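Before any comments, here is the structure.
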Amino acid sequence: MKKLRRKVYMVAGYNSISMGSGRKEFNPKKTMPGLEDYIKEAGQGTLKKIGGAKNVDECVIGNFMAARYNKQAHLGAFFPYIDEGLTGKPAISVEGACASGALGLITGIKSVLAETADVVLVIGVEVQNTVKAIYGADILAGAGWFQVRKNGHAYFFPGEFSDRAGAYFQKYGREKTRKAFARWYRNAVENARLCPTAQEYHNTCDDLETLAMTEPNGKGFVDHLNLYDCSKVSDGASAIAIVSEEGLKRIGIPKSEAVEVMGWGHVEDDITRQPADPTELATSRQAVSNALESSGITSDQIGTAEIHDCFSIAAVEAVEAMGFAKKGQGAEFILAGNTARNGMIPINTTGGLIGWGHPTGATGVHQAVTLLEQLTGKAGDSQITLSSARPYGLSVNMGGNDKTIVAIVYRKGDA
Amino acid sequence: MNYEESLQNVSVLGAAGKMGSGIVLLTAAEMADLSLKPENKGKTFVLHAIDVSDEALSGLMRYLKTQVVKVAEKKAVMLRKVYADRKDLIENSDIIDQYVFDVLHVVKPTKLLEAARDSKVIFEAIKEDPDLKISVYKKINDNNPRKPWFFTNTSSIPITWLDEKANLEGRIVGYHFYNPPAVQKLVELIKSQHTLKEVEDFGLMYAKNLKKVIVPAHDVAGFIGNGHFMRDILYAGNEVEKIKGEYTFAEAVYLLNKISQDYLIRPMGIFQLVDYVGIDVCSLIMSVMKPYMKTENIHSPMLDLLLSMDVRGGQYADGSQKDGILKYEKGKPVAVFDPGTKQYIPIAGFQEKTDKKLGAMPVVRPWKTVVNNAAKEELLTTYFKELKSLTGFGAGLTKAYALRSRDIGKKLVIDGVAFSEQDVNTVLLTGFFHAYGPINNYLN
Ligand SMILES: NC(=O)c1ccc[n+]([C@@H]2O[C@H](COP(=O)([O-])OP(=O)(O)OC[C@H]3O[C@@H](n4cnc5c(N)ncnc54)[C@H](O)[C@@H]3O)[C@@H](O)[C@H]2O)c1
């Protein structure tokens with residue numbers, strides 16, 4: 001990738017609650033907040049921090065499947081609903097399955113680089129609790145190739161990643177891998193308990209690892225994963241502002257409260273093909289490598305990461321793809337405590353997809369907001385301490401079965 | 001005739017009732033599952049859902065629709081395999097819709113009893129009226145060339161009597177589901193003196209395929225479940241009478257209900273359970289059992305009195321609890337009916353005072369936290385040990401209650417109603433969701 005022609009920053013992050021089972025407020029029998037409510041909440045949250053709509057040049061919204069979950073398309077036209085002041089400004093909607101949020105970020109970054117905008121408001125949103133999980137599975141299956149849907153599992157994506165887990169068990173051993181899944185779940189929930197917007201914030205289970213060792217039941221669900229290996233069904237939105245140096249001046253926020261985008265990797269793979277080797281995330285590996293290269297850093301300079309743990313097996317394979325662990329050693333790496341909040345490389349410090357939640361189209365933006373808060377010391381109870389040798393943050397957002405990957409490297413603004 | 005052939009033409013009598021609708025649901029799903037097997041391609045499976053009113057039958061079809069959708073959603077993983085060769089069914093929603101259609105398609109609602117003339121298998125769940133049952137069996141049996149098998153859901157009428165009166169020559173077996181049949185795992189199987197082996201075998205196979213737990217019971221009115229339950233009601237009623245001098249009726253009912261729930265660790269107190277089943281239903285079951293009991297008087301003056309004042313309990317169509325002996329708010333008892341004043345007396349008004357009189361009691365172990373607890377045995381042992389060591393009024397009442405429940409259970413075995421103590425315990429554990437069987441050694 002070419003060197004960035006100007007500096008790009010992210011500021012003023014906002015996360016709604018990740019709403020769904022586990023949250024005390026959640027009641028599927030009652031009318032819950034809808035798509036437009038989440039868009040408005042997150043959009044206003046960020047606008048408030050940047051001096052209002054007048055400071056915004058362009059808008060981008062990332063969303064995966066509102067067209068089916070909420071029977072709603074044309075999301076760009078919701079920006080004026082957030083704030084009248086956005087009427088008459090450009091807005092676009094982007095989609096790339098569960099990587100839609102990060103595609104929103106990339107689109108915003110490109111506007112700043114193209115110098116058509118100095119301040120871009122980016123939102124990611126998904127409201128999934130409008131249908132039961134068994135029908136949600138149909139909708140989410142749209143992240144795969146529809147021609148193979150017929151032969152896929154009822155729970156299509158859990159089925160795909162269960163196949164990955166099965167292959168991984170066979171190649172590297174089942175017992176330690178399942179233990180690593182359970183540890184991953186525990187870390188995720190314990191981190192989520194420190195973050196008031198997390199879906200598992202109210203979780204009170206005192207023996208999470210035992211719970212997560214529940215044997216998978218292929219008759220009712222999938223062969224190699226249990227429910228604790230899976231991110232839940234979530235409603236939520238996140239928002240952030242992507243700005244140039246001029247933009248920072250306009251909104252009156254110092255660099256110390258922003259993160260700078262150092263570089264990124266964005267890779268697509270052929271949706272019609274099955275992964276060549278189900279025990280690894282090859283596309284993720286390439287995207288992370290591109291991101292590190294474009295930022296001019298190596299993986300041992302990463303202090304914290306937000307990764308796409310839609311399933312625990314994805315987390316195990318991801319720590320390998322990011323170069324933290326060697327192939328086949330992801331499970332040991334996790335079991336040794338390296339990814340825990342006090343470990344060598346704390347990952348998903350507010351719970352990630354399994355603990356914080358996975359409102360699909362919002363996840364990429366949520367990851368950026370979390371890293372912004374961690375790197376600028378604004379993460380509240382979930383704040384971790386970063387060493388000066390590892391000042392960078394890395395986010396990896398995945399669409400489909402390792403098909404669309406966006407990896408972004410961040411650093412605190414005034415560093 | 002094999003299992004599948006027998007199930008190709010079935011009738012359910014009283015199909016729109018509480019029990020009948022559940023039996024229709026279970027059976028239609030089983031029949032649809034059979035029809036979807038490759039080896040049964042081209043065969044038809046028909047279930048005649050017979051009841052007396054069009055309104056009730058159309059209600060049944062609405063109930064079936066919602067329930068089958070839920071069933072289909074639950075077994076979507078399996079259904080994808082069943083419909084694997086249907087290229088037009090791709091998404092879960094396509095598959096679920098098709099399955100709902102296939103199950104409902106089996107069911108033919110009708111008011112005409114004549115529809116049962118082609119059926120091999122007849123499930124009967126009409127009201128608990130011996131003469132009505134006999135007349136219906138006769139009408140079907142006299143006109144059905146297939147020599148049908150009758151599976152009766154009667155809660156209390158002896159099967160041999162039904163068999164002989166209707167000239168069924170052993171083509172009948174008591175097949176006593178618990179309410180609601182779609183949820184409750186237990187089925188009591190009661191043979192008449194003449195029940196044919198083929199009828200029993202079918203009943204066992206059907207239960208196995210539906211993952212039901214079969215407990216055999218002897219043909220003694222009330223069988224095991226109601227044999228215990230009715231006597232439990234009578235005992236509690238007597239205790240109310242006994243302590244009535246010292247307590248008001250409302251207080252006494254409250255106490256016995258509390259003791260049987262909280263201190264015996266049951267899912268409901270005894271009077272709440274009576275309301276749940278319906279005071280009229282309990283009274284009816286007693287009246288059917290009564291003539292067969294030579295040494296006991298199975299009859300409750302208390303229930304008669306309440307019924308004479310139109311206090312009935314039972315449930316609304318949406319499953320919520322109607323007021324009965326107790327009055328309910330959000331499913332919880334809040335007041336007790338007082339026959340003297342014909343008013344509900346709020347529990348809150350006397351609760352504290354009455355609770356105090358119980359004296360020292362063990363810490364309440366809510367049923368919910370015990371019933372599926374891995375350390376249940378240990379919990380119960382410690383709990384009852386503590387209870388045993390206490391000597392106050394409440395502890396005495398509780399211990400006596402538990403021992404009486406045990407005696408009722410043992411007597412069911414001695415009287416030859418149950419084949420074993422184990423079977424009695426299974427019925428109470430599975431059919432009544434008790435956390436432990438009544439026949440135990442906790443208080444030895
Ligand atoms: N409710 C329970 O808890 C329970 C439990 C186990 C067994 N049982 C037994 O099941 C049977 C049915 O009980 P229920 O509670 O479902 O009663 P119910 O009143 O809910 O249902 C009885 C149904 O039979 C119908 N019916 C009446 N006469 C008929 C006739 N001649 N032809 C066809 N249908 C007729 C009624 O319209 C009604 O829909 C009884 O024998 C009862 O003892 C009930």
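Nothing here was measured: the structure is a model prediction, and the numbers come from that model. Reckoned from all heavy atoms, side chains included, excluding hydrogens, waters and symmetry mates. So you know, we letter chains A, B, ... as the sequences are listed, proteins then strands, and number each from 1.
- With a threshold of 4.5 angstrom between heavy atoms, Phe156(A) does not approach chain B through any atom at all.
- By the 4.5 Å heavy-atom criterion applied to side chains, Val77(B) and Tyr155(A) are counted as neighbours.
- Around CD of Glu175(A), the count of heavy atoms belonging to other residues, nucleotides or ligands within 6.0 Å does not exceed 12.
- Heavy-atom proximity under 4.5 angstrom to chain A picks out nothing from residues 24-34 of chain B.
- The local environment of CD in Glu386(B) is crowded, with over 12 non-hydrogen atoms from other residues, nucleotides or ligands closer than 6.0 Å.
- A 6.0 Å sphere centred on CD of Glu378(B) holds no more than 12 heavy atoms belonging to other residues, nucleotides or ligands.
- Crowding of Asn372(B) atom CG: a count of heavy atoms from other residues, nucleotides or ligands under 6.0 Å not exceeding 12.
- In this view, Asn226(A) and Arg178(A), Thr214(A), Tyr228(A), Asp229(A) satisfy the side chain to side chain contact (heavy atoms under 4.5 Å, CB included) rule, not counting sequence neighbours.
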Side-chain donor-acceptor contacts of residues 131-152 of chain A below 3.5 Å, not counting sequence neighbours, with atom names and distances?
residue	atom	partner	partner atom	Å
Lys132(A)	NZ	Glu73(B)	OE1	2.5
Tyr135(A)	OH	Glu73(B)	OE2	2.6
Asp138(A)	OD1	Arg149(A)	NH2	3.0
Asp138(A)	OD1	Asn92(B)	N	2.7
Asp138(A)	OD1	Asn92(B)	ND2	3.4
Asp138(A)	OD2	Asn92(B)	N	3.0
Asp138(A)	OD2	Ser93(B)	N	3.0
Arg149(A)	NH1	His153(A)	O	2.7
Arg149(A)	NH2	Ala154(A)	O	3.2
Arg149(A)	NH2	Asn92(B)	OD1	3.4
Lys150(A)	NZ	Tyr83(B)	O	3.1
Lys150(A)	NZ	Arg86(B)	O	3.0
Lys150(A)	NZ	Leu89(B)	O	2.7

Between side-chain atoms of residues 182-189 of chain B and protein atoms elsewhere (two or more places apart, or another chain), which donor-acceptor pairs fall under 3.5 Å?
residue	atom	partner	partner atom	Å
Gln184(B)	NE2	Asn179(B)	O	3.2
Gln184(B)	NE2	Gly431(B)	O	3.2
Glu188(B)	OE1	His176(B)	ND1	3.0
Glu188(B)	OE1	Tyr178(B)	OH	2.7
Glu188(B)	OE2	Ile224(B)	N	2.7
Glu188(B)	OE2	Gly225(B)	N	3.1

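- Using a 4.5 Å cut-off between heavy atoms, Ile96(B) touches chain A through its side chain atoms alone.
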